[in-house]
> 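Please see the structure below; I have some questions.
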Amino acid sequence: MASYDFSTDILFEILSRADLKTMKKCRVLSKECKDLTDESNFMRLHSQRTSTMVGYLVQSSRLFGQLTSDLVSGLDPKPTQDLLNFLPQPGWIVATVNGGLVLCTPGKRRDDPFYICKPTTQQWEVVPSPNPRFWTAKISMLVLGSNPLWFKIVRLSDSRDDTIDLELDLDSEYSNEEDNFNVFSNEKSWHCEIFESKSWEWRQSDDLKLTHNDYFECNQDVSACGALHWLVFNDKQDKYTMLSFDGDKEEWAMTSLPDSLRGNDHCDQIAPVSCEGKLGLIHLRQETKMLDVWILNYEKIWIKKHTINLKSLHEKVPLPRSRIHSFYGVDTLFMVDVGSVSFYNFRTRKLNRIRVGGWIKSAYFIQTDSEPIKLKPQ
């Protein structure tokens, strides 16, 4: 079979006109294709040429508590407003996944259902509510297959937070039992429930075992390499770890962070990110305004990819008032402020700031085509 040596410009023109599914398949052909399609300029041009939606669903609260979900892309100086107004009820976005699926709920009651939808086609289905005995602490979603669609929703709840009040009589004959209700143990259990799209129902999984000194950081989870990842801080050991859930094996694992992050200034920003399809980690040193970017390789070793000087950015957008949210491509940072978001290309030092009405609650990356999808099995 003949081989062809395409120039970068020709590859750019071909891939920027390919549909989203074809373009993603081409990404695995070579490092050159992957690097090219990771550029933010390519992402924007591909979106224009193929009518692909790419950007962030920004959820904000406006006057009188009105909740809106707007799309910001960096292509338009104004956000596309109320992108989820086709749903029966306005809802809180709780997760988005590769493929453009959005998971949201109309309220915060224990028995509220969920909606799974694709905004570009305005398709949606009702996901039944999980066990109403518990309040949701963390919830996320990941896609494990696309043809047919196969996804899982993972829900964590505090095991102490149910509707049954258990009173412990310390004068009883069991008061000296060390393992009585784990009162004298430092272990803390989190109820784990999994929604399986193949069966369209929730099921109880094994509890997640942490300690009472472990706290989830106020960062969104990251989906990478077939797993979900959360940043956890242990206040007793004064260190961070990465908590991961393998979507296929349904197993939990803890990964230590680089040693250089131990004993860091608590004013620094440390957050998990998706970087070039892998699990990444950012560390913004507030004193120097330098951003370290780490990537976890397949041997579970943290590799420092590069360090970015953000002093010029700080002069335009004060840090940490604007917090780094994620990477938009390999060359652009996406940041969230109280009422605005920013795209900052750290190679060209170009800043694009977009104002969003109201108080920003969350932001979720989305990239999707307009092809209909079968959300629920028959």
> Between I153 and V94, is the side chain to side chain contact (heavy atoms under 4.5 Å, CB included) condition met? List the steps.
CA-CA 11 Å; I153 304 172; V94 295; over 6 Å; no
> In terms of ring plane angle, is the pair Y240 and F233 parallel, tilted or perpendicular, where the classes change at 30° and 60°?
tilted
> Is any side-chain heavy atom of L281 closer than 4.5 Å to a side-chain heavy atom of L261?
yes
> Got a donor-acceptor contact below 3.5 angstrom from the S197 side chain to the F151 backbone?
yes
> Measure from the side-chain N and O atoms of D70 to the backbone N and O of D82, and report whether any donor-acceptor pair falls under 3.5 Å.
yes
> Just say parallel, tilted or perpendicular for the rings of H191 and F134, cut-offs at 30° and 60°.
tilted
> Can you tell me how far CD1 of I373 sits from CD of E371, rounded to the nearest 0.5 angstrom?
10.0 Å
> Go through L36 and T8 one step at a time and tell me if the side chain to side chain contact (heavy atoms under 4.5 Å, CB included) criterion holds.
CA-CA 8 Å; L36 187 66; T8 301; 3.9 Å; yes
> Looking at L291, is its backbone amide N or carbonyl O close enough to the side chain of H283 to form a donor-acceptor pair, meaning the two atoms are under 3.5 Å apart?
no
> Of all heavy-atom pairs between R349 and K316, which one has the smallest distance, and what is that distance?
O-NZ, 3.2 Å
> Do you reckon L149 sits in the same ILVMFWY cluster as V97, going by side-chain contacts under 4.5 Å, direct or chained?
yes
> Hey, could you give me the SG/NE2 distance between C275 and H306, rounded to the nearest 0.5 Å?
6.0 Å
> Tell me if a side-chain donor or acceptor on N345 pairs with a main-chain N or O of T332 at a distance below 3.5 Å.
no
> Check E315 with K311, please: is the shortest side-chain N to carboxylate O separation under 4.0 Å?
no
> Decide whether S69 and Y364 meet the rule of one side-chain donor and one side-chain acceptor closer than 3.5 Å.
no
> Quick check against the 3.5 Å criterion: does T96 have a side-chain atom that pairs as donor or acceptor with the backbone of F365?
yes
> For the residue pair S140 / D221, report whether a side-chain donor-acceptor contact shorter than 3.5 Å exists.
yes
> Applying the 4.5 Å side-chain criterion to the ILVMFWY set and letting contacts propagate, would V58 and L83 be lumped into a single cluster?
no
> Treating Ile, Leu, Val, Met, Phe, Trp and Tyr as nodes and any side-chain heavy-atom pair under 4.5 angstrom as an edge, say whether V356 and V336 lie in one connected cluster.
yes
> Exactly one of I282, I324, L351, L284 should register a side-chain contact (heavy atoms from CB on, under 4.5 Å) with L333. Which one does?
I324
> With side chain to side chain contact (heavy atoms under 4.5 Å, CB included) as the criterion, how do L231 and M242 come out once you've worked through the C-alpha distance, each side chain's angles and the decisive distance to 0.1 Å?
CA-CA 5 Å; L231 190 63; M242 193 71 71; 4.2 Å; yes
> Between E201 and P128, is there a donor-acceptor pair closer than 3.5 Å when you use the side chain of the first and the backbone of the second?
no
> Are W135 and D158 packed together at the side-chain level, in the sense that at least one heavy-atom pair is separated by less than 4.5 angstrom?
no
> Assess whether a salt bridge exists between K152 and E250, defined as any Lys/Arg side-chain N lying under 4.0 Å from an Asp/Glu carboxylate O.
yes
> For Y56 versus F327, what's the shortest heavy-atom pair and its separation?
OH-O, 3.5 Å
> Under a single-linkage definition using a 4.5 Å side-chain heavy-atom cutoff for Ile, Leu, Val, Met, Phe, Trp and Tyr, are V293 and L313 assigned to the same hydrophobic cluster?
yes
> Checking T307 against D292: is there a side-chain donor and acceptor pair closer than 3.5 Å?
yes
> Grab the two heavy atoms, one from D369 and one from T52, that are nearest each other, plus how far apart they are.
N-CG2, 4.5 Å
> Between E13 and R49, is the closest basic N to carboxylate O distance under 4.0 Å?
yes
> Between K188 (side chain only) and D214 (backbone N and O only), is there a donor and an acceptor less than 3.5 Å apart?
no
> Give a yes or no answer on whether the side chain of R323 reaches the backbone of Q269 with a donor-acceptor pair at less than 3.5 Å.
no
> Before giving the answer on side chain to side chain contact (heavy atoms under 4.5 Å, CB included), spell out for F334 and S40 the whole-Å C-alpha distance, their side-chain angles and the decisive distance to 0.1 Å.
CA-CA 11 Å; F334 177 73; S40 59; over 6 Å; no
> Rounded to the nearest 0.5 Å, what's the gap from CG on D19 to OG on S51? Could you check?
12.0 Å
> Give me the atom names and distance for the closest heavy-atom approach of I295 to K305.
CD1-CD, 3.5 Å
> Restricting to non-hydrogen atoms, name the atom on L375 and the atom on I116 that form the minimum distance, rounded to 0.1 Å.
CD1-O, 3.7 Å
> From the options W92, W124, F86, select the one residue that forms a ring-ring contact (aromatic ring centres under 6.0 Å, His included) with Y115.
W124
> For residues T136 and I139, report the shortest heavy-atom separation together with the two atoms involved.
CG2-CB, 3.9 Å
> Would you kindly confirm whether I366 and V143 end up in one hydrophobic cluster when ILVMFWY residues are joined by side chain heavy atoms under 4.5 Å apart?
no
> Would you say that S256 contacts K239 through its side chain, given a criterion of any heavy-atom pair below 4.5 Å between the two side chains?
yes
> Heavy-atom distance under 4.5 Å between the side chains of Q204 and E193, does that happen here?
yes
> Working to the nearest 0.5 Å, report the span between OG1 of T211 and CD of Q237.
7.5 Å
> Using the six-membered ring wherever Trp is involved, compare the ring planes of W202 and F114 and label them parallel, tilted or perpendicular (cut-offs 30° and 60°).
tilted
> Look at atom NZ of K21 and say whether more than 12 heavy atoms of other residues, nucleotides or ligands are closer to it than 6.0 Å.
no
> Using the rule given for side-chain hydrogen bond (donor to acceptor under 3.5 Å, both in side chains), can you reason through K209 versus S189, listing the C-alpha separation, both sets of side-chain angles and the distance that settles it, and then say yes or no?
CA-CA 5 Å; K209 305 292 186 180; S189 296; 2.9 Å; yes
> For the atom pair NZ (K361) and OG (S61), what is the distance rounded to the nearest 0.5 Å?
5.0 Å
> Other than W230, what residues sit in its cluster of Ile, Leu, Val, Met, Phe, Trp and Tyr side chains whose heavy atoms are under 4.5 Å apart, directly or through others?
L142, L144, W150, V154, L156, W190, I194, L208, L210, F216, L228, V232, L243, F245, W252, M254
> With rounding to the nearest 0.5 Å, note down the distance linking SG in C104 to CG in L87.
5.0 Å
> Tell me if a side-chain donor or acceptor on S16 pairs with a main-chain N or O of H46 at a distance below 3.5 Å.
no
